[in-house]
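Heads up: the structure comes next, in structure tokens.
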Amino acid sequence: MARWAIAIHGGAGVDPNLPEHRQEEAKRVLARCLQAGVDLLRAGATALDVVEAVVRELETDPCFNSGRGSALTRAGTVEMEASIMDGRGRRCGAVSGVSTVKNPVSLARRVMDKSPHSYLAFDGAEDFAREQGLEVVDNSYFITEENVSMLKLAKEANSILFDYRIPLAGADTCSALAAAVEGHGSNGMVMNGLPISIYAPETVGCAVVDSNGFTAAATSTGGLMNKMTGRIGDSPLIGAGTYACGHCAVSCTGEGEAIIRSTLARDVAAVMEYKGLPLQEAVDFCVKERLDEGFAGLIAVSGTGEVAYGFNCTGMFRGCATEDGFMEVGIWE
């Protein structure tokens, strides 16, 4: 039998001044969700069931940017997206523009298992969720007071706000935010030519190989604070934010537009297959060579039970565990 392994993430790009209590809160959530996945794997659960269950837990906790606690659009609403992929036969399901489904990753799983399609969005995804009997809630369920405040700051600074969870010090917070945006923009920190603020997206994801050697991956996000309504990032795009096959399973996080351009998740599998690189070397190669000027990170597991991660920005919320007893939760290098 193969060795099982699991890796999870809560976003790449972390403010180096993140308060200690926020770091500890994030690590507690990661440790709890990682342990839930380990318990399932020890009980013989399939990789597909584990990634769905773990990402559901991450979506339910408002600590990260998925499900409850998702970033807000310019209109002050939540539009979520998620994907899931089964390495067996490379089956996949994805959703975008979801606004009432409590756990978007489970809707992505239903799209894969119960529909003739791989990807549903907006009203079609919402209608399908109701047909499938998935739990739905009012959009207000996903909105936290903290995110309402941060959207206000982002609008006043006229910025797509990545680092929407770290309050800026000082009485004039809006001016401080505007200054941060201007400073980062002048240093070349841009998205499609537009300046962005401090980089700290907090998408969630999970990659697993089970004791039968089957892989799966899932990714879920609320996207960017102050994003245009209708914006779709990398998280629901198979091959960009999520990928699984016989070689590995991958979930990405970071600047979605850069991840899309680089087809980052698929590239990890491709360099393993075509260049013959082991997992960590494949991850390192893709993070270094495929992102151009973008900032991102990823987690991965191999079909033989290895775990790996990589990022080219400051920190990544992450955790991993293997059947031989290794377990780690971390943020920094």
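For the single chain, residues carry numbers from 1 onward in sequence order.
No donor-acceptor pair under 3.5 Å is formed between the side chain of Asp234 and the backbone N or O of Thr253. Between the Asn312 side chain and the Gly294 main chain, a donor and an acceptor come within less than 3.5 Å of each other. One N or O on the side chain of Glu323 and one on the backbone of Trp4 form a donor-acceptor pair closer than 3.5 Å. Proximity of a side-chain donor or acceptor of His117 to a complementary backbone N or O of Val111 within less than 3.5 Å is not detected. Checking side-chain atoms of Arg110 against main-chain N and O of Gln132 turns up a donor-acceptor pair under 3.5 Å. Side chain of Asn139 to backbone of Val78: a donor-acceptor contact under 3.5 angstrom is found. The closest donor-acceptor contact from the side chain of Lys155 to the backbone of Arg74 lies under 3.5 Å. Under the 3.5 Å distance criterion, the side-chain polar atoms of Glu52 are left unmatched by any main-chain donor or acceptor of Val105. Listed for the Asn212 side chain is no donor-acceptor partner under 3.5 Å among the backbone atoms of Thr46.
At a threshold of 4.5 Å between non-hydrogen side-chain atoms, the residues Glu145 and Val148 do not count as touching. Within the 4.5 Å cutoff, side-chain heavy atoms of Met225 are placed close to those of Leu72. Within the 4.5 Å cutoff, side-chain heavy atoms of Leu18 are placed close to those of Phe317. Proximity of Val55 to Val204: side-chain heavy atoms (C-beta onward) are separated by under 4.5 Å at one or more points.
By the criterion of side-chain heavy atoms lying less than 4.5 angstrom apart, applied directly or through intervening Ile, Leu, Val, Met, Phe, Trp or Tyr residues, Met112 is not grouped with Ile238; the two fall into different hydrophobic clusters. Tracing side-chain contacts under 4.5 Å through hydrophobic residues (I, L, V, M, F, W, Y), one never reaches Ile299 starting from Leu264; they form parts of separate clusters. Hydrophobic clustering of Ile, Leu, Val, Met, Phe, Trp and Tyr side chains at less than 4.5 Å, counting indirect connections, unites Leu40 with Leu30. Transitive grouping of hydrophobic side chains (ILVMFWY, heavy atoms separated by less than 4.5 Å) keeps Leu48 and Met85 in distinct clusters. Hydrophobic clustering, with ILVMFWY side chains joined whenever heavy atoms are under 4.5 angstrom apart, groups Val95 together with Val137.
A salt bridge links Glu24 and Lys27; the closest N-O separation between the charged side-chain nitrogens and carboxylate oxygens is under 4.0 Å. A salt bridge is absent between Arg261 and Glu293: the closest approach of a Lys/Arg side-chain nitrogen to an acidic carboxylate oxygen does not fall below 4.0 angstrom. Salt bridge status for Lys227 with Glu81: absent, with no side-chain N to carboxylate O gap under 4.0 Å.
Residue Asn147 holds its CG atom at 8.0 Å from OG of Ser70, rounded to the nearest 0.5 Å. Within the model, atoms CZ of Phe128 and CG of Asp123 stand 15.0 Å from one another, a figure rounded to the nearest 0.5 Å. Considering CZ of Arg290 and CG of Leu298, their distance stands at 13.0 Å, rounded to 0.5 Å. Rounded to the nearest 0.5 Å, atoms CG (Leu107) and CG (Leu120) are 7.0 Å apart. Between the CZ atom in Phe142 and the CE atom in Met80 there is a gap of 3.5 Å [rounded to 0.5 Å]. From Leu134, atom CG reaches atom NZ of Lys102 across 12.0 Å, with rounding to the nearest 0.5 Å.
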Which donor-acceptor pairs under 3.5 Å do the side chains of residues 239-246 make with protein atoms, sequence neighbours left out?
| residue | atom | partner | partner atom | Å |
| --- | --- | --- | --- | --- |
| Thr242 | OG1 | Ser83 | OG | 2.7 |
| Thr242 | OG1 | Thr219 | OG1 | 2.7 |
| Tyr243 | OH | Arg90 | NH1 | 3.2 |
| Tyr243 | OH | Arg266 | NH1 | 3.4 |

Name the atoms and distances for all side-chain donor-acceptor pairs under 3.5 Å in residues 326-333, with sequence neighbours left out.
| residue | atom | partner | partner atom | Å |
| --- | --- | --- | --- | --- |
| Trp332 | NE1 | Gln23 | OE1 | 3.3 |

Taking only distance into account, with no hydrogens and no angle test, what donor-acceptor pairs under 3.5 Å do side-chain atoms of residues 268-277 form with protein atoms, sequence neighbours excluded?
none

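When all heavy atoms of His9 and Ser251 are compared, the pair lying nearest together is NE2-OG, 2.9 Å. Counting all heavy atoms, side chain and backbone alike, Ala45 lies closest to Asp210 at O-CB, 3.8 Å. Minimum interatomic distance between Ala296 and Cys313 (heavy atoms only, all atoms of both residues): O-SG, 4.0 Å. Of all the heavy atoms in Ala71 and Leu224, the pair that sits closest is CB-C, 3.6 Å. Leu58 and Gly205 make their closest contact through CD1-O, 4.3 Å (heavy atoms, listed as atom of the first residue, atom of the second, distance). The shortest non-hydrogen separation linking Cys33 to Glu57 is SG-CB, 3.6 Å.
The side chain to side chain donor-acceptor pair (under 3.5 Å) analysis of residues 91-100, with sequence neighbours excluded, yields the pairs Asp86-Arg91, Arg91-Asp113, Ser96-Tyr119, Ser99-Glu126, Thr100-Glu126, Thr100-Arg130.
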So Cys248 and Leu279, side chain to side chain contact (heavy atoms under 4.5 Å, CB included) or not? Walk me through it.
CA-CA 8 Å; Cys248 62; Leu279 182 68; 4.1 Å; yes
Derivation of the side chain to side chain contact (heavy atoms under 4.5 Å, CB included) call for Glu255 and Ile259
CA-CA 6 Å; Glu255 184 186 337; Ile259 295 170; 5.8 Å; no
Residues Glu25, Arg28; criterion salt bridge (Lys or Arg N to Asp or Glu O under 4.0 Å); working and verdict
CA-CA 5 Å; Glu25 177 189 11; Arg28 282 194 298 270; 5.9 Å; no
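With sequence neighbours left out, Val208 forms a side-chain contact (heavy atoms from CB on, under 4.5 Å) with Ile6, Leu41, Ala47, Val50, Val51, Cys206. Checked against side-chain contact (heavy atoms from CB on, under 4.5 Å), Thr263 has the following partners two or more places apart in sequence or in another chain: Asp267.
If you check the side chains of Ser106 and Arg56, you find a donor sitting under 3.5 Å from an acceptor. In the model, Glu59 has a side-chain atom that pairs as donor or acceptor with a side-chain atom of Ser220 under 3.5 Å.
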